[in-house]
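A note on names: the letters A, B, ... follow the listed sequences, proteins ahead of strands, and every chain is numbered from 1.
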There are 2 protein chains.
Amino acid sequence: MAALPAPETSSSTRFESVLEAVRAAILAGEFEPGERLHEVKLTTLLGVSRTPVRAALQKLASEGLLDYTPNRGYTLREFSIDEVISAYEVRAVLEGLAARLSAERGLNVSEIGTLQQALRDGDDLLRNGQITDEHRSEYSRINAYFHVTIHASAGSRLLNDMVYLCQQVPVSSPRNVVAFEEGDVRRRHEDHHRIFEAIVGREPWRAEMLMRDHVASVKSSLIRSLASPAAVQAATKTARRLRR
Amino acid sequence: MAALPAPETSSSTRFESVLEAVRAAILAGEFEPGERLHEVKLTTLLGVSRTPVRAALQKLASEGLLDYTPNRGYTLREFSIDEVISAYEVRAVLEGLAARLSAERGLNVSEIGTLQQALRDGDDLLRNGQITDEHRSEYSRINAYFHVTIHASAGSRLLNDMVYLCQQVPVSSPRNVVAFEEGDVRRRHEDHHRIFEAIVGREPWRAEMLMRDHVASVKSSLIRSLASPAAVQAATKTARRLRR
DNA sequence: AAGCATGAAAATGTATACATTATCTTTGAC
DNA sequence: GTCAAAGATAATGTATACATTTTCATGCTT
């Protein structure tokens, strides 16, 4: 069936463990926006010395999650709705560029294989009428594979790093597809087919526009769900938790 | 005359001094691509302990200048021509987005003032026929003001951070305008006038396309100068030094 | 001679002590 | 009672010692 494995996640060094622990705590809403993250507190909380804690905080600041002021330490950034939305705008133009570059360079055999696999897996998953939460979560993984493959085929590390940064913005992670309605999922899967077509057909401009609109549509869904929280409550659940 | 002051540059903490010192050393070509940057060596070289050195190296890695592997330290990244070129592609779509967002939001009085000042200063500078290196360097500062103001008016910190990251890629910094031919400088200044017009006139799509092409043209100039190094030797000078 | 195991050297990871800066509390003056 | 100054407290910045890992050289085995 699905030949796309889940990504591995190991941490050997303490710095990495602390990094993930603090990141998880932040995303779980355990800090207020603007709140200071004291090194010593985290130290006692995590049972390690200040050294790996400092390194982790610096990394999180470079990812945009924390603010840093010399001699004053780190504070949790607050993300306004505007910033979350513009993060999608940024991601849209970046992924659009990735699709264009990919179409210009052309895909290699392995990349074509992965994309076709992702398309087939999606087809299979959406074949039957009903879509459960499990389906959505599974589709989320397939979706990630599709996009990551295209980013990689663009051949620009800078571009890759920046897409990663976009995904570090709370609420703008691709796993949020879980929160979308069934029609949205089907529509997006059809987008994938067309985008693949444009890239394989070496149509850079079309690939860029399709991908751009594809990602921007996530933004629209988000705005829609924020406008009517009762209608699609699942979508705002995470958002509210993070803004608390 | 020119009411646009130069940016200030102070460093209070040692971490910052080390950061700038190492960054300057890298940009001056004092390390080979792929070469390791040993903490202890930098320690003895700079007369500080490993702590600020480690912090500086981590920062430089987050900016994309260094690679990091746990337990194995930092190495200087090598930037292929392709990567430098695609950095311009990225910058083009990002600045294009900034112009679009700026046109959508509209400029405030202060921003309009700064942009008009930049345009006037450019007009004055380019009025007389001859353009010296001093003129280019002066125009470079005016150019930076124009672009930075538009980034800021887009109102997205993520976008700002990413444009900054693009500029950290060697050879792709805006100060490279210095290396351009006279016709290029004049052409770009005219671009500025049209971009300003589009933003003030609240034409998001036009603003985006103009800005995108404006930045992409820098890429074209770079490619041109790389193709015929004898013709525009100044442009490649920095590039060769950094790739050595 | 090639390859592998062993151990020494050196580099990075981590903890901790001390220095410097920021923050808070207290005290005094008005 | 309010404000300001001074000291106390606590936080971050830096240096250094120790732990762990990597790397390299040495010598052994085949």
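- The list of salt bridge (charged side-chain N to carboxylate O under 4.0 Å, His left out) pairs with a residue in residues 56-65 of chain B, not counting sequence neighbours, reads B/Arg23-B/Glu63, B/Lys59-B/Glu63.
- Applying the salt bridge (Lys or Arg N to Asp or Glu O under 4.0 Å) test to B/Glu208 and every residue at least two apart in sequence or in another chain returns A/Arg212, B/Arg100.
- Considering only side-chain N and O atoms, A/Ser49 lies under 4.0 angstrom from the phosphate OP1 or OP2 of C/dA15.
- Scored by the salt bridge (Lys or Arg N to Asp or Glu O under 4.0 Å) test, A/Arg14 finds no partners at all (sequence neighbours excluded).
- Residues forming a side chain to side chain contact (heavy atoms under 4.5 Å, CB included) with A/Arg105 (at least two apart in sequence, or on another chain): none.
- Residue pairs meeting the salt bridge (charged side-chain N to carboxylate O under 4.0 Å, His left out) criterion with at least one partner in residues 158-170 of chain A, sequence neighbours excluded, are A/Arg157-A/Asp161.
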5' to 3', nucleotides 7-13 of chain C under a 4.0 Å protein heavy-atom cut-off (B base, S sugar-phosphate only, - none) gives ----SBB
